[in-house]
Amino acid sequence: MIDPFGRHISYLRVSVTDRCDFRCVYCMAEDMTFLPKAEVLTLEELDRLCSAFVRRGVRKLRLTGGEPLVRKNIMSLVRSLSRHLASGALDELTLTTNGSQLARHAAELAACGVRRVNVSLDSLDPAKFARITRWGRLEQVEGGLDAARAAGLGIKINAVALKGVNEDEFDDMVRW
Ligand code: SF4
């Protein structure tokens, strides 16, 4: 697949839901209205769409959200897409997550051939983490990170630098 500027497109990010179990202050209002279900692709449609891109040369697929792991039955999509890893048509299947549901899903993600995940985490201080995410609990994310490590997943941490909020933590986070 080649875009109008002649660039080969081999990496696709797919948002599988606009919903999330957190309400980060820079991302969502606390009282959110999400898209009606009818306007969101079904898991089967997402599979067809991703597979069409794979046929056209996409080698790396990243599932995102909102929070991808809160989508009902999301693992059925991961299981289905993993066939492209098995066939060699796809080099990498990965996801960006807030980590809240990783404890439940890390082992199956690894079994499906997912090798690494990006986890969004803006603070290592439980109270600050709760303030930033409104509904998030750091302990839950740490449990998810432990499960991901135990499953052998590589982890990359994405932190949003927030002036006056977590800027005093950057050194600690880098050390961590
Ligand atoms: S975890 Fe990500 S998607 Fe969810 S509210 Fe925070 S920034 Fe937005």
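We use all heavy atoms of the structure for the numbers below, so side chains are in, but hydrogens, waters and symmetry mates are not. Ligands are counted one by one from 1 in listed order, and the atoms in each one are counted from 1 as well. In this text the structure is predicted, and so the values were computed from the model without any measurement. The residues of the chain are indexed from 1 along the displayed sequence.
Side-chain atoms of R134 come within 3.5 Å of backbone N or O of R23 as a donor-acceptor pair.
Every heavy atom of G65 sits 4.0 Å or more from the atoms of ligand 1.
Residue contacts with ligand 1, taken as heavy atom pairs separated by less than 4.0 Å, involve C24 via backbone and side-chain atoms alike.
Judged purely by distance below 3.5 Å, without hydrogens or angles, the side chains of N98 and S100 pair a donor atom with an acceptor atom. Side-chain atoms of T97 and E67 include a donor-acceptor pair closer than 3.5 Å.
Put simply, atom 2 (Fe) of ligand 1 has no protein non-hydrogen atoms near it, under 4.0 Å away.
Each of the following atoms of ligand 1 lies closer than 4.0 Å to a heavy atom of G66: 3 (S). Interface of N98 with ligand 1, defined as ligand atoms under 4.0 Å from a residue heavy atom, comprises 1 (S).
Side chains of L93 and C112 form no contact here, defined as non-hydrogen atoms less than 4.5 Å apart. Looking only at side-chain heavy atoms (C-beta outward), L95 and V78 stay at 4.5 Å or farther from each other. Residues R131 and V165 fail the side-chain proximity criterion, which asks for heavy atoms closer than 4.5 Å.
The protein heavy atom nearest to atom 4 (Fe) of ligand 1 is C20 SG, 2.3 Å. Atom 8 (Fe) of ligand 1 has as its closest protein heavy atom C27 SG, 2.3 Å.
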